[in-house]
Structure formats: C-alpha cells, structure tokens
Number of protein chains: 2
Amino acid sequence: MDTLLAQPKQTFVNLPPEKRESIVRAAVSEFAEHGYQRASLNNIVKRLGISKGSLYQYFDNKEALFLHVFDHFTLQVKWYVKASVTGSGRDDFFGVARQVLLAGIAFIDSHPEYFQVYLKVLFERDVPRREELVARVRLFSLEYFGPLADRAMGQGLLRNDIPAHKVVFILDAMLDRFLQGYAQPYLDGGLALAGMSAGRLDDEIDSMVAVLRTGLQPSGTGE
Amino acid sequence: MDTLLAQPKQTFVNLPPEKRESIVRAAVSEFAEHGYQRASLNNIVKRLGISKGSLYQYFDNKEALFLHVFDHFTLQVKWYVKASVTGSGRDDFFGVARQVLLAGIAFIDSHPEYFQVYLKVLFERDVPRREELVARVRLFSLEYFGPLADRAMGQGLLRNDIPAHKVVFILDAMLDRFLQGYAQPYLDGGLALAGMSAGRLDDEIDSMVAVLRTGLQPSGTGE
DNA sequence: TCATAATGTGACCGCCTGGTCATATTATGG
DNA sequence: CCATAATATGACCAGGCGGTCACATTATGA
C-alpha cells in the first residue's frame with residue numbers, strides 16, 4: 001500500500017534537488033492541463049529547456065514519469081490530512097470530518113495542479129494502472145473514516161438505523177463534492193466556492209458539517 | 001437555452017433514420033470511451049464501415065459531430081427527468097429529489113455511454129464550448145431545484161438556518177455523487193452501487209433521502 | 001593529462017490525428 | 001436514356017505523438 005508506484009532512473013536521483021523539483025513541477029503542470037494521454041513529453045521538455053533524450057535518461061517512459069508524479073501527490077495528501085487532524089479532538093466524528101475538509105482546501109490552495117491531476121485520473125479511461133491509483137486515494141478515505149464511523153456508532157454517536165458504511169459514503173460524497181466544487185468552479189452548484197474568502201469558506205464548511213450532524217446523529221442528540 | 005448547439009449538414013438529415021442513429025451511436029461510444037480530444041474520427045468511420053469523406057459530408061468537423069451528440073444527450077436527460085416527476089406529488093421536496101434520483105438511475109441504465117460522455121466533459125479541459133455544455137446540464141438542475149427549494153422554504157418545510165441555495169447545493173452534490181458512483185464503480189465509496197439489484201438500490205436511495213430529510217427539515221418536523 | 005564514465009542532445013522513426021479533394025458511384029427527373 | 005445533382009470514397013497532407021540512438025559534451029579520478 002505504501003510502496004511507490006515507480007522509481008525514476010538513477011540519473012534523475014543524482015540531479016540537484018532544484019532541477020528534480022522543476023522537472024516534477026513541469027510534469028505536474030502538463031498532466032494537470034491535459035490528463036495522461038494528451039499530455040505531451042515534447043511540451044514538458046520544451047518548458048524545461050532540456051532535450052527529450054535527457055528526460056528519457058531520468059525516466060524509462062511517459063508512464064514512469066506520470067507514476068512518479070502521482071506518488072508525490074498521494075504522499076502529500078496523506079501528509080496534509082494526517083497533520084490536520086493530530087492535535088484536535090479525535091473523539092468528535094464530525095469535528096474530524098471538518099478538519100479533513102479544511103485540510104483538503106489547504107492542499108488544493110497550495111497544490112492546485114496536483115488536485116487537477118487527480119481529477120483527470122478519475123475520469124480518464126486509459127490511464128496506466130488507473131484503478132490502483134484511484135484506490136490509493138479513495139481507500140485512504142474509506143480506511144480513514146471507516147474505523148472512526150464504527151467507533152462513533154459503537155458509542156451511540158451516529159444513527160443506528162443507517163449502517164456505518166453508508167454514513168461513510170455520505171460523508172465521503174459530501175467532502176469530495178465540496179472539494180471538487182472548490183477546485184472546479186462550474187462544479188460548485190452555484191455556491192461560488194472557488195476564490196471565496198477564507199472566512200466565508202469556513203461558514204460554508206460549518207453549515208455543511210451541521211447538516212451532516214443533524215442528518216446522521218441519533219435524533220435525540222443535541223447539537 | 002433550448003436552442004441546439006450545432007446542426008448537421010443537410011446530407012445527414014437526408015439519411016435514413018436507422019443510419020443516422022447508428023452514426024450517432026458510434027460517435028457516442030467513441031466519445032464516451034476517449035473523451036473529446038482523444039476520440040478518433042478514424043475509429044468511428046472504421047466501426048461504421050463508411051469512409052471518412054462521408055462523415056465530413058454529414059458534419060462540418062469533429063466539433064460539430066460532438067456537439068450534435070451532446071445535444072441529443074441533454075434533450076434525453078431533460079425528457080427523463082420531466083417524465084419522472086409529472087404524476088407524483090410535486091409538493092414533497094424530498095419526494096421529488098427521490099424521483100429525480102430514480103430518473104437518473106434509469107437514464108444511466110438505458111444510456112450508459114451518454115452519461116460517460118458527460119463525465120468526460122466535466123473533467124476534460126479543452127472540450128469546445130465546455131462551460132456552455134456543462135452549464136446546460138447543471139443549470140438545469142439548479143433551475144429545477146431552486147424554485148422548489150424556495151417554495152419549500154416558504155412553506156416552512158426546510159430548516160430556516162440554512163439558505164435555500166445551500167440546500168440546493170447539498171441536494172445537488174448528493175444526487176450527482178450518487179449517480180457518479182452508480183456509473184463509475186470506483187467512485188462509489190465502497191457502496192458497490194454499480195450492478196446492484198434494483199431492490200437494494202431503492203433501499204440505498206431511500207436511506208440517502210432519509211438523511212437529507214433529517215438534515216434539512218426543520219428540527220421539529222416529523223419524519 | 002587523459003581514459004573512462006556519466007550525462008546531454010536533437011534529428012529521426014513509425015504511427016496516428018483531423019481534415020481535404022479529385023474521382024467514382026448512385027439517384028433523380030425530364 | 002441521359003444530363004445533372006447528390007453522395008460515397010480513400011489516398012493524401014501537414015502536424016504531433018512517444019520513443020530511439022549515434023554522437024557531443026562534461027565530470028571524474030588516477
């Protein structure tokens with residue numbers, strides 16, 4: 001699960017870090033804009049001002065470059081989510097959901113193109129090892145919220161007429177859709193999430209979580 | 001809003017209906033599999049057993065063919081949704097939501113490739129007139145639920161601490177995500193929606209709507 | 001200094017793309 | 001029957017793709 005998808009060649013590892021980073025950045029940018037299949041290695045080397053031969057000294061082929069980019073993406077996401085939750089109270093199921101949502105927003109703000117790569121993978125058919133890539137991100141979400149939901153259910157903090165896995169589905173759907181809307185303006189259902197001020201965004205998140213609370217907590221529980 | 005995006009050439013209109021339909025079907029299939037940019041006209045004519053020159057006698061170019069396909073898609077969707085709601089009680093906001101969800105499922109079942117085309121458009125960047133295309137579908141949803149939500153709010157059937165447009169966002173997000181999960185197995189958050197029996201699917205839909213009800217109705221209202 | 005290894009280069013390859021057009025085939029109606 | 005219009009065809013074009021490779025350049029260390 002935590003193994004890397006692809007290793008670059010030794011030549012790439014030997015590169016000075018700043019050059020490595022600029023190459024990854026250019027690749028992310030190209031994959032974000034065009035998805036996997038339409039992304040052009042010619043474009044990438046042109047942006048970087050290096051020759052195509054060099055790129056092939058760093059990575060075996062287009063697929064290896066792409067998988068390397070995706071490895072970076074998943075590592076970053078997991079780091080963001082884990083960092084956001086430690087410290088805050090882990091007992092409040094919906095509080096954790098709120099934290100994860102905020103972490104997602106923060107990630108998109110600081111790595112907008114990485115998130116675009118992910119969205120492209122979701123809806124492009126012939127991406128190499130696509131199922132595996134998507135599973136890495138989504139299973140992370142399910143594995144993360146699943147146990148939390150089970151525990152909350154055990155403690156009577158969730159409605160018992162809805163199975164825990166369905167609670168996770170609803171939560172996951174809401175969070176994912178919110179982040180998609182934030183990243184892609186025309187997906188936000190008229191909420192104008194994209195480019196919203198941090199304060200107003202917090203309000204949106206709070207009311208979103210409030211609805212989840214009301215809908216998913218046992219009916220007697222106070223707010 | 002209801003004007004067509006693109007007209008085929010007269011030669012196409014003159015074709016016998018079954019040939020027209022087979023051409024549209026082949027185009028839908030190709031666009032569904034590869035999205036707009038990677039879809040290949042060569043593939044389409046190969047499948048159909050016609051020459052490329054013929055295709056260009058029917059449509060000005062790739063874009064016109066694609067827009068014609070999308071026109072068909074939007075017309076079908078609107079027809080499905082409208083047909084599903086007439087007859088049932090229009091007063092129950094969440095009942096309507098449930099009907100629309102069922103209509104979406106029915107549409108995907110009978111036109112799976114059309115829905116794939118739509119999903120591809122959502123996440124592909126350089127689709128011609130993409131914003132306009134997406135707006136046609138999403139605005140339909142907003143324009144459809146917006147007034148319903150306003151009315152329900154006026155009748156005190158919705159929580160008054162959440163603005164109506166936010167209610168619409170939540171509803172839209174949930175419906176859309178549910179349909180995406182139904183159409184793309186790896187998006188369903190572990191619910192295994194795809195290929196689910198009709199009965200179990202209805203259960204999933206009912207509990208989804210139940211959560212929405214509980215979360216969005218005024219706190220005193222019964223279920 | 002110099003042999004060797006590591007790295008950089010871009011012309012080139014076969015393949016596929018959307019699109020064109022001169023030509024062949026078929027339908028039409030006087 | 002035949003002239004004309006409508007339609008069908010596929011070889012062809014320029015351009016872009018991922019990938020290769022013989023060669024040029026640079027770094028290394030004895």
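In this text, all values refer to a predicted model and were calculated from it rather than measured experimentally. Scope of the values below: all heavy atoms of this structure, side chains included, with no hydrogens, waters or symmetry mates. Chain A is the first sequence line, chain B the second, and so forth, proteins listed ahead of strands; every chain is numbered from 1.
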Participant: For residues B:Q99 and B:S84, is any side-chain donor paired with an opposing acceptor at under 3.5 Å?
Facilitator: no
Participant: Under the side-chain contact (heavy atoms from CB on, under 4.5 Å) rule, collect the residues that match up with A:S40, sequence neighbours excluded.
Facilitator: A:E30, A:N42, A:N43
Participant: For A:F70, what residues pass the ring pair (Phe, Tyr, Trp, His ring centres under 6.0 Å) criterion, not counting sequence neighbours?
Facilitator: A:F73
Participant: In the 5'-to-3' direction, what one-character label does each nucleotide of nucleotides 7-16 of chain D receive under the scheme B = base within less than 4.0 Å of a protein heavy atom, S = sugar-phosphate only, - = no such atom?
Facilitator: SBBB------
Participant: Just the rounded figure in Å: distance from P of D:dT20 to NZ of A:K62.
Facilitator: 14 Å
Participant: With sequence neighbours left out, which residue pairs that include part of residues 57-70 of chain A fulfil the side chain to side chain donor-acceptor pair (under 3.5 Å) condition?
Facilitator: none
Participant: Under a 3.5 Å threshold, yes or no: a donor from one side chain and an acceptor from the other, between B:Y182 and B:D109?
Facilitator: yes
Participant: Could you state the atom-to-atom distance from CG of A:D126 to C1' of D:dC17 in whole Å?
Facilitator: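 Whole-Å distance recorded here is 14 Å.
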Participant: D:dA6 C1' sits how many Å from B:F12 CZ, rounded?
Facilitator: 17 Å
Participant: What is the distance from OH of A:Y56 to P of D:dG19, rounded to the nearest Å?
Facilitator: 3 Å
Participant: Quick one: NZ on B:K166 to CG on B:L171, what's the gap to the nearest 0.5 Å?
Facilitator: 15.5 Å
Participant: With no hydrogens and no angle check, just 3.5 Å: does a side-chain donor-acceptor pair link A:Y80 and A:S110?
Facilitator: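 Judged by distance alone, the side chains do pair up.
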Participant: By salt bridge (Lys or Arg N to Asp or Glu O under 4.0 Å), which residues pair with B:E124, not counting sequence neighbours?
Facilitator: none
Participant: Could you give the CG-to-C1' distance, from A:N61 to D:dG18, as a whole number of Å?
Facilitator: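 Taking atom C1' of D:dG18 as the reference, CG of A:N61 is at 9 Å.
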Participant: Along DNA chain C, 5' to 3', what are the outermost nucleotides having an atom less than 4.0 Å from a heavy atom of chain A?
Facilitator: C:dT7 to C:dG10
